[in-house]
Number of protein chains: 4
Amino acid sequence: MKAKRVPRALREQQMLDAAVKVFSRSGYHAASMDEIAEECDVSKPMLYLYLGSKEELFAACIRREADRLIARFAEAADPSLEPGDQLFRGLTAFFAFVAEHRDSWIVLYQQARAQGEPVVAEVAAARAEVSGAVTTLLRRAVREVGGDDVPGPRAGEARPDRGEAAAMAAIITGAADALAGWVLDTGPEAAEESARRLMSVIWIGLEPRLRGARYGG
Amino acid sequence: MKAKRVPRALREQQMLDAAVKVFSRSGYHAASMDEIAEECDVSKPMLYLYLGSKEELFAACIRREADRLIARFAEAADPSLEPGDQLFRGLTAFFAFVAEHRDSWIVLYQQARAQGEPVVAEVAAARAEVSGAVTTLLRRAVREVGGDDVPGPRAGEARPDRGEAAAMAAIITGAADALAGWVLDTGPEAAEESARRLMSVIWIGLEPRLRGARYGG
Amino acid sequence: MKAKRVPRALREQQMLDAAVKVFSRSGYHAASMDEIAEECDVSKPMLYLYLGSKEELFAACIRREADRLIARFAEAADPSLEPGDQLFRGLTAFFAFVAEHRDSWIVLYQQARAQGEPVVAEVAAARAEVSGAVTTLLRRAVREVGGDDVPGPRAGEARPDRGEAAAMAAIITGAADALAGWVLDTGPEAAEESARRLMSVIWIGLEPRLRGARYGG
Amino acid sequence: MKAKRVPRALREQQMLDAAVKVFSRSGYHAASMDEIAEECDVSKPMLYLYLGSKEELFAACIRREADRLIARFAEAADPSLEPGDQLFRGLTAFFAFVAEHRDSWIVLYQQARAQGEPVVAEVAAARAEVSGAVTTLLRRAVREVGGDDVPGPRAGEARPDRGEAAAMAAIITGAADALAGWVLDTGPEAAEESARRLMSVIWIGLEPRLRGARYGG
DNA sequence: TATGAATGAGGGTTCATTCAT
DNA sequence: CATGAATGAACCCTCATTCAT
C-alpha cells in the first residue's frame, strides 16, 4: 500500500504488464482502469499521468507486445535460409512466443481484433506488420521459385501475383492464429510440433502453388 | 412516436436484424441498447420484453446467424461428393454467406471471439458447431483415403489421429476466417474464387497429409 | 389464457384479491401492475379500466379490507356487554381475522404504514377508524367507571381525559398489532388465547387506570 | 460543483445522515439515490464508492440507528434497579430518543417493517435486538418475583414461560412504538410523561401477571 | 368485454477521468 | 513521485400507463 518510489521507466513497464494481464482477462471494454491500477499497485492518477488515457494505454500495450512478437519472428526467420525453412523457424518462434506470453497473444489476436472503431487502428497496424513479414517472405519465395515476373491469377495464367501473396499471408497468419488458439485450449505441445503441423498442411500445397499449380486445375 | 403495430414474430426478427447490425458495428460491450432500439425504430422496453436482456439478445443473434451459416455450409457440402469437392463447395458457400451477410459474419467471428466471460460461451458453441462439421468431413476423408484404423501422430506413425483432425479443422476454419476478412478488406471477389484460393493452399497439401506425409519428413 | 367473459362486479373482486395478495407479498412500491394482472389472469388494460391506477387500486384494497376488519370487530364488541368483555371479544375477533386473512392484515398494518405520501392517507384513515372504535369503547368505560366528567392528566388530577383515551387506544391497537405479528411469526394459536394474553397485560392495569390510578403515582 | 474535500469517515456519516432523512421521508423503495446524493451534496458515485449499494446503504442506516437506540435504552435501564424502574427508565430513554431522532425512529419502525424481502432482514435483526433487551428484562423480573422455575401457560399453570416473555416483549415494544407514533402525530410531550402513560397501562397489569394472575382466570 | 403492442420516464450502477493535497 | 476525494455521463433495466384492435 505504501507506494515505494519507483523510477518512471520501470513503473511504465509494470503498468503495461498489468494492463496486458487485465485486457487479456476481460477485453478492452470490460476492463476497467480501476482493475488495472489495482493490479499494479498504483493509484489511477499515476496511470493517467504516465500513459495518458485508456485508449493510449491499450495502444501502448499493443505496440510493445507486437514489437516483441515481430522481433521474435524476424530473428528466427533468417533470410539466408531457404523460404520453407524460414517460414518453419518463424512459425516455431511464433508458437513459442504464444506459449510464453499467453496474455500478450490473447490481447493481440483475440481481444484486439474485435473492438469498434477507436482501438482497431492500433491492432490493424500491428497485425499488418506481422503478416507483412510473411508476405515479404512469400514474395521472395515466388521470385526464387518462378524466376520471372508474375501476372495475376485472374487472367488465366498460373503464377500468383502480388495481391495473392497478401492473401496467402492472410491465410497463413489466420491459420497460425487459429492453431495457436487450439493449442492453448487443448493443452500445450512443443512449438516445433505446432509449426510442423501447420507446415504439413500449408507448405506441401504452397510450394507447388508457388509454381503455379492450382486446385481445380 | 411511430407505434405501428407489428406482430411479435416479425418484430423479433427486426430486432435481431438491428442488433446484428449494431453489434457488428461496435462490438458487444460498446453497443448500447439505445442504439439498437433506435436502429429498429422501437422503444427499449420492447427490446427487453421480447428478448430479455442484452446478453440474451446477443445470444439470440449468435444462434440465428450461426444456424444460418451452418445450414448453408451443410447444404452445400453434399456428403455424397468426395471429400475434396465437399470441402470446396462448403467453403464456397461459406464465402458466399460472408459476402451476403457481412454483419452476421463479423459478429460471429470478429466481435464474438473477444469478449470476457458472459458472451464467450454462446460464440464458442456456435464456432464449435462449424468446425465440428469440418472435423467430421476430415475424419471421413481420412477413412476413405487410408482405409485402416488411425494411430496418433506422436507415436512416430504417420497418419493423423482424431485430435489432429480437430487441429486441422481449426487450421482450416481459421484460414477461411482470415481469408474472408482479407476479402472484405480488399474488395469483393467471387465466392468460388476465394474457395479455390484456399483449397489451392490447403488441399493440395492436405491430401498427401491425409495419407501420412508430413513436413520435415 | 382465453378470457372468459366475467361480469364487472366479480372481476373487480378478483382483482382486489390478487392485488391484496401481491401487495402483501412485495409491498406497495415493489409490487408491479404486471404481477397483479398476471395473478388474476387479466390483461393490464382491464385493471386500469376498472380500478383506475395503482394508487386507486391500493386504496380500494385498503378500503375493502379495513371495512371487513372493522365489521368483524364491531360485530363482536357487543355494546351491551361490559367494557372488559367488549374489548376481549373485539380483540378475539381481531386475532381471528388476522389468522384468516393474513394478507389483508399484512397490507393494512405492515405494508401500508410505511409508504411516503400518496398512500398514507388511505391507511391512516382506515387505522383511525379501527382505533376510533376502541377509543369509543374506552370512553364509555371511563364514564361507567368514573361517573363524572373527566379532567386532563396534566393538571395533577388522576382520571384520564379525552386525549388520553386516544393515547390508550393507540397503545392497545399497537400492542394488538405487535402481538398479531408475533403470532404470525411464531406459529398459530387460538384467537382467544392471543386475546387473553393481551388482556392479561393491559386490562388488569387498565381498569384501575380508568379509576385514576397511575404508575409512579 | 462544490467538491470540498472531506475525509472519508466524516463523509460517510454525512451520507448516512442524509440517507436516514430521505428514507424516513419517502420509504426505502420510493427513495432515490439521486435524492440522497443531493441531500448531502455529493455525487452519486461517491455514495456507491463508500456505501456500496442502495441496499447496503439502507442496512448501514439501520445498523447505526439501531445501535444508537439500543445504547440509549441499555444505558438507562440500569440492571441494578428493580424491574419496574428499569423498564420505566428504559422507556423514558426510548421516548427521548424518538423525540430527538425523529427520522431515525421513523426509518427503524415505520418504514422498515414493511418492505418485501431484501431489506426486511436488517430491520428484523435490529428490532429483535431491541425487544431482546426487553425480553431479558422481563425474564429477570419473572425470576425475581416468582422464585422457582417457570412452566408454560398452556398447561393450566399460571406463571408465564419463556415464550410468553417474548410475547410480552412484543406487546410492550409494539405499544411503545404505537405510543411514540401517537405522540409524534399529536404534539410533543415530555418523555417521562409518555413512559408513565405506558407504564400505567402495562405495568400495573404486568406485575400481577408476572405472579401468575391472568385475565379471565 | 378484452388484449397484444407500445412507450416516456426514471432508477440503480459503473466508468473514465480530474482536482487538490 | 504519489494519491484520496470527487464527478459528468452513460448504460442496463423496469415500471406505470395507454393505444389500436
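Every chain is numbered from 1, with letters handed out A, B, ... down the list of sequences.
Rounded to whole Å, the distance from CG on A/Leu57 to P on E/dC15 is 16 Å. Rounded to whole angstrom, the span from the CZ atom of B/Arg11 across to the C1' atom of F/dA20 amounts to 14 Å. In this entry the distance linking NZ of B/Lys54 with C1' of F/dA10 reads 11 Å, nearest Å. In this structure, CG of B/Leu47 is placed 14 Å from C1' of E/dA5, rounded to the nearest angstrom. The nearest whole Å value for the distance from the CE atom in B/Met46 to the C1' atom in E/dG8 is 14 Å.
Relative orientation of the A/His29 and B/His29 rings is parallel, given thresholds of 30° and 60° on the angle between their planes. Aromatic ring pairs are classed by plane angle as parallel below 30°, tilted from 30° to 60° and perpendicular above 60°; the pair C/Phe23 and C/Tyr28 is parallel.
Not a single donor-acceptor pair, N or O on each side, falls under 3.5 Å between the base of E/dT18 and the side chain of A/Lys44.
Which of F/dA6, F/dA2, F/dT17 sits closest to the side chain of A/Ser43 comes down to F/dA2. Out of F/dA2, F/dC15, E/dC19, the shortest distance to the side chain of C/Ser32 is found at F/dC15.
In this structure, the side chain to side chain contact (heavy atoms under 4.5 Å, CB included) partners of D/Asp34, at least two apart in sequence or on a different chain, are D/Ser32, D/Lys44.
Contact annotation: B/Tyr48 reaches the phosphate of F/dC13 (side-chain N/O to OP1 or OP2, under 4.0 Å). Taking 4.0 angstrom as the limit, D/Arg8 places none of its side-chain polar atoms (N or O) nearer than this to OP1 or OP2 of F/dA6.
Each of D/Val42 and C/Ser53 was matched to the nucleotide of DNA chain F holding its nearest heavy atom; the match closer to the 5' end belongs to D/Val42. Position along DNA chain F of the nearest nucleotide to B/Ala31 versus D/Ala9 favours D/Ala9 as the more 5'-ward residue.
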Output field dot_bracket for DNA chain E (Watson-Crick or G-U, both distances under 3.5 Å, | for other-strand pairs) contains .||||||||||||||||||||
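Exactly one of C/Glu65, C/Glu35, C/Glu39 qualifies for a salt bridge (charged side-chain N to carboxylate O under 4.0 Å, His left out) with C/Lys21. That residue is C/Glu39.
With respect to D/Arg11 and D/Asp17, no salt bridge is recorded, no charged nitrogen being found less than 4.0 Å from a carboxylate O.
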